[in-house]
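First up is the structure itself, then whatever we jot down about it.
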Amino acid sequence: MDEDVTIDPAHTRPAGATDDHVAASGKFTEALAYLERARGHLYSFHRLVGEADAMLDEVIEHLEACGNEALGRRVAEELQGRNVLPGRWTFQIVEEFDDGYYTVFRDLETTVRNEIMEGKRHVYEAEMKHNRRTAGRPGHEATPAEADESAPAPA
């Protein structure tokens, strides 16, 4: 790395941290980002299934209005409020995921980062930024403070 350009202290590689330390922590953080995306999709699934179930009220109402009471009753009894997995509505799936796999994953990512990177986040990315940017060019500032210093003064 170019030593005359700094990385802010919150993202500087700790003393003794090897490339493997940085890679392990960075990859774990990347994996957590994927898990966060998956969690978002799970919450979307939760909301979408809930909305679909709520729409069945109108389906039943319209079936009854057009004289298909038996069919409306069948939808109400067989489908409306049905578990999506044995014994579970989607809120229960979300809770089990959050309290189980997600919590363990997130906590272990933090533990690994704390133990090998002194708790510093995104050291891998900070070093990548450092190596890819063009020092001294507008829009390539090392830190927000440096960007503030290079911003034109208000007229």
Side-chain angles (χ1 to χ4, degrees), residues 1 6-133 139-148 151:
M1 286 191 301
T6 61
I7 296 175
D8 64 284
H11 298 101
T12 302
R13 180 187 295 223
T18 66
D19 288 347
D20 284 331
H21 288 110
V22 173
S25 180
K27 188 55 74 172
F28 210 157
T29 299
E30 181 183 10
L32 178 59
Y34 274 92
L35 186 65
E36 292 289 1
R37 288 178 59 197
R39 184 173 179 251
H41 289 296
L42 181 60
Y43 274 82
S44 292
F45 170 76
H46 164 57
R47 293 297 313 222
L48 291 168
V49 170
E51 288 298 318
D53 187 76
M55 288 179 188
L56 294 176
D57 292 339
E58 289 182 51
V59 171
I60 294 163
E61 182 180 306
H62 290 301
L63 286 170
E64 291 172 349
C66 67
N68 288 301
E69 292 86 4
L71 196 52
R73 195 168 38 259
R74 183 173 176 198
V75 170
E77 292 172 0
E78 291 183 30
L79 186 57
Q80 191 177 40
R82 185 182 181 98
N83 292 324
V84 296
L85 291 175
R88 292 173 185 85
W89 271 23
T90 58
F91 76 90
Q92 292 164 306
I93 296 168
V94 167
E95 287 178 356
E96 286 182 39
F97 176 79
D98 278 352
D99 294 344
Y101 187 80
Y102 175 74
T103 296
V104 172
F105 199 112
R106 189 190 63 227
D107 291 350
L108 275 173
E109 186 275 338
T110 300
T111 298
V112 166
R113 190 168 23 85
N114 286 342
E115 289 190 17
I116 68 173
M117 299 305 293
E118 296 176 357
K120 294 180 178 185
R121 297 179 297 169
H122 300 107
V123 172
Y124 180 87
E125 289 89 343
E127 291 182 2
M128 184 177 7
K129 175 183 178 179
H130 175 81
N131 292 326
R132 292 177 62 88
R133 70 186 199 84
H140 288 252
E141 297 83 9
T143 65
E146 187 181 313
D148 291 343

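Numbers here simply count residues along the sequence, with the first being 1.
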Worksheet entry | Inter-residue atom distance Asn68.CG - Arg74.CZ, 0.5 Å rounding | 12.5 Å
Worksheet item: Between Glu118 and Pro14, which heavy-atom pair has the shortest distance, and what is it?
Response: CD-CB, 3.4 Å
Practice prompt. Look only at the side chain of Asp53 and the backbone of Gln80, and say whether a donor-acceptor pair between them is shorter than 3.5 Å.
Written response: no
Practice prompt. Apply the test salt bridge (charged side-chain N to carboxylate O under 4.0 Å, His left out) to residues Arg82 and Glu78: give CA-CA distance (whole Å), side-chain angles for both, the deciding distance (0.1 Å), then the verdict.
Written response: CA-CA 7 Å; Arg82 185 182 181 98; Glu78 291 183 30; over 6 Å; no
Worksheet item: Counting distance only, does the side-chain N/O of Thr12 pair as donor-acceptor with the main-chain N or O of Ile7 below 3.5 Å?
Response: yes
Discussion item. Would Arg39 pass as a cation-pi partner of Tyr102, given that its NZ or CZ must be under 6.0 Å from the six-membered ring centre and within 45 degrees of the axis?
Written reply: yes
Worksheet item: Would Phe28 and Tyr124 count as a ring pair (Phe, Tyr, Trp, His ring centres under 6.0 Å) if you check the C-alpha gap in whole Å, the side-chain angles of each, and the deciding distance to 0.1 Å?
Response: CA-CA 11 Å; Phe28 210 157; Tyr124 180 87; over 10 Å; no
Practice prompt. Without swapping roles, check the side chain of Thr111 against the backbone of Asp107 for a donor-acceptor pair under 3.5 Å.
Written response: yes
Worksheet item: Is there side-chain contact between Phe97 and Leu35, with heavy atoms separated by less than 4.5 Å?
Response: yes
Fill in: Asn83 and Gln92 side chains, donor-acceptor separation under 3.5 Å
no
Worksheet item: When the ring planes of Tyr43 and His46 are compared, do they come out parallel, tilted or perpendicular, using 30° and 60° as the limits?
Response: perpendicular
Practice prompt. Mark yes when over 12 heavy atoms from residues, nucleotides or ligands other than Arg106 sit less than 6.0 Å from its CZ; otherwise mark no.
Written response: yes
Practice prompt. Please assess His41 against Ser44 for the test side-chain hydrogen bond (donor to acceptor under 3.5 Å, both in side chains), listing each intermediate value before the final yes or no.
Written response: CA-CA 5 Å; His41 289 296; Ser44 292; 5.2 Å; no
Worksheet entry | CG on Leu42 to CD1 on Ile93, rounded to 0.5 Å | 7.0 Å
Item to complete: Could you grab the distance from atom OG1 of Thr29 to atom NE2 of His122, nearest 0.5 Å is fine?
Response: 5.5 Å
Worksheet item: Is the shortest distance from a Lys or Arg side-chain nitrogen in Glu141 or Arg133 to a carboxylate oxygen in the other one below 4.0 Å?
Response: no
Response to the item:
OG1 (Thr110) and CZ (Arg121) are apart, to the nearest 0.5 Å, by 9.5 Å
Worksheet item: Yes or no on salt bridge (charged side-chain N to carboxylate O under 4.0 Å, His left out) for Arg113 and Glu109, after CA distance, side-chain angles and deciding distance?
Response: CA-CA 6 Å; Arg113 190 168 23 85; Glu109 186 275 338; 3.1 Å; yes
Worksheet item: Hey, mind stepping through Glu96 and Arg88 against salt bridge (charged side-chain N to carboxylate O under 4.0 Å, His left out) and telling me if it holds?
Response: CA-CA 10 Å; Glu96 286 182 39; Arg88 292 173 185 85; 2.7 Å; yes
Fill in: Side-chain heavy atoms of Thr90 within contact of Phe45, under 4.5 Å
yes
Practice prompt. Give the ring-plane orientation class for Phe105 versus Tyr101, where under 30° counts as parallel, over 60° as perpendicular and anything between as tilted.
Written response: tilted
Worksheet item: Between Val22 and Glu127, which heavy-atom pair has the shortest distance, and what is it?
Response: CG1-OE1, 4.2 Å
Practice prompt. Decide salt bridge (charged side-chain N to carboxylate O under 4.0 Å, His left out) for Asp19 and Arg13; before the verdict, give the C-alpha distance in whole Å, the side-chain angles of both, and the deciding distance to 0.1 Å.
Written response: CA-CA 9 Å; Asp19 288 347; Arg13 180 187 295 223; 2.9 Å; yes
Item to complete: Measure from the side-chain N and O atoms of Lys129 to the backbone N and O of Ala142, and report whether any donor-acceptor pair falls under 3.5 Å.
Response: yes
Worksheet item: So which heavy atom on His21 is nearest to which on Ile116, and how close?
Response: O-CD1, 3.4 Å
Practice prompt. Kindly give the heavy-atom pair with the smallest separation between Asn114 and Gly119, and that separation in Å.
Written response: OD1-CA, 3.1 Å
